[in-house]
Asks: 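Got a structure for you, questions after.
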Amino acid sequence: MFSTVFSMISMDMASSGMLLAIGMGAGFAIALAVSAQRWLLWYLLGGMGYWLGVEAIYYSVSQWFTLSEWHSYVVAMGISWLPLVAWVLYRALRFDDVSQTVQQRRELEAARYVEHSPVYDDDYTPRFQ
């Protein structure tokens, strides 16, 4: 049954060491899934998904352009970072707008309040010392 389900894996690859490694990996994933730290699986899956995206970009870059393998990976990593750069840039520009808006609102609220402390002359001396 193992060879029918995983027919893409030859029997040479299905050595005891490989089966042990796959079993341990599956065991760790199951243990993590039933533990309180199951949110760590999302990081694991997210990292694998990200790298699959980088590989897809690498494959398309290597098909369209005549670059070396290393240069194709560099271009793929750069393209994969573009959404992060756009998001950080958006947040930085939005933070400036928000901070100016908050500053103007605080200035308006401060202008509404009247200070109730008296203004004294330079030669004022309090009556009780």
Side-chain angles (χ1 to χ4, degrees):
M1 180 178 165
F2 180 78
S3 63
T4 58
V5 173
F6 298 104
S7 61
M8 62 187 166
I9 301 174
S10 67
M11 292 311 282
D12 300 342
M13 293 177 60
S15 64
S16 61
M18 185 181 129
L19 292 176
L20 178 67
I22 290 174
M24 286 178 62
F28 287 139
I30 291 170
L32 191 60
V34 297
S35 72
Q37 283 78 23
R38 69 178 64 105
W39 54 271
L40 288 172
L41 281 177
W42 290 110
Y43 287 108
L44 178 73
L45 293 174
M48 285 190 278
Y50 170 74
W51 193 252
L52 283 174
V54 169
E55 288 288 333
I57 295 169
Y58 161 75
Y59 180 73
S60 63
V61 165
S62 65
Q63 291 296 316
W64 284 93
F65 304 106
T66 56
L67 297 173
S68 68
E69 184 177 349
W70 186 82
H71 286 98
S72 296
Y73 269 114
V74 169
V75 169
M77 292 295 291
I79 291 171
S80 72
W81 291 341
L82 285 177
L84 176 66
V85 169
W87 180 75
V88 168
L89 188 63
Y90 165 75
R91 294 293 294 177
L93 293 175
R94 186 176 175 272
F95 179 75
D96 288 342
D97 292 342
V98 170
S99 65
Q100 288 175 359
T101 306
V102 169
Q103 185 178 4
Q104 289 172 354
R105 188 179 332 139
R106 286 180 183 164
E107 288 174 0
L108 285 174
E109 289 175 1
R112 284 189 214 155
Y113 294 114
V114 177
E115 188 177 339
H116 294 288
S117 60
V119 178
Y120 300 113
D121 294 332
D122 292 336
D123 59 345
Y124 173 76
T125 55
R127 193 179 294 176
F128 305 104
Q129 288 186 4

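Since the model is a prediction, treat every value here as computed from it, not as a measurement. Counting begins at 1 with the first residue of the sequence.
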Asks: Under the side-chain contact (heavy atoms from CB on, under 4.5 Å) rule, collect the residues that match up with Gln37, sequence neighbours excluded.
Replies: Leu32, Ser35, Trp39, Leu40

Asks: Can Ile22 be reached from Ile30 by stepping across I, L, V, M, F, W or Y side chains whose heavy atoms are under 4.5 Å apart?
Replies: no

Asks: If you group Ile, Leu, Val, Met, Phe, Trp and Tyr by side-chain heavy-atom gaps below 4.5 Å, do Phe65 and Val75 land in one group?
Replies: yes

Asks: Sequence neighbours left out, cut at 3.5 Å: what donor-acceptor pairs do the side chains of residues 53-61 make with other protein atoms?
Replies:
from, atom 1, to, atom 2, distance (Å)
Glu55, OE1, Tyr73, OH, 3.2
Glu55, OE2, Trp51, NE1, 3.1
Glu55, OE2, Tyr73, OH, 2.8
Ser60, OG, Ala56, O, 3.3
Ser60, OG, Ile57, O, 2.9

Asks: Look at the side-chain heavy atoms of Ile, Leu, Val, Met, Phe, Trp and Tyr, link any pair under 4.5 Å apart, and say whether Leu19 and Met24 land in one connected group.
Replies: no

Asks: Are Met48 and Leu41 connected in the hydrophobic side-chain network, where two residues link if heavy atoms are under 4.5 Å apart?
Replies: yes

Asks: How many angstroms lie between atom CG of Leu89 and atom CG of Leu82, to the nearest 0.5 angstrom?
Replies: 11.5 Å

Asks: Got a second to check how far Tyr50's OH is from Leu84's CG, nearest 0.5 Å?
Replies: 8.5 Å

Asks: Are Ile79 and Trp64 joined in one hydrophobic group, where the rule is that I, L, V, M, F, W and Y side chains link up if heavy atoms are under 4.5 Å apart?
Replies: yes

Asks: Taking side-chain contact (heavy atoms from CB on, under 4.5 Å) as the test, write out the residues that go with Ser68, two or more places apart.
Replies: Trp70, His71

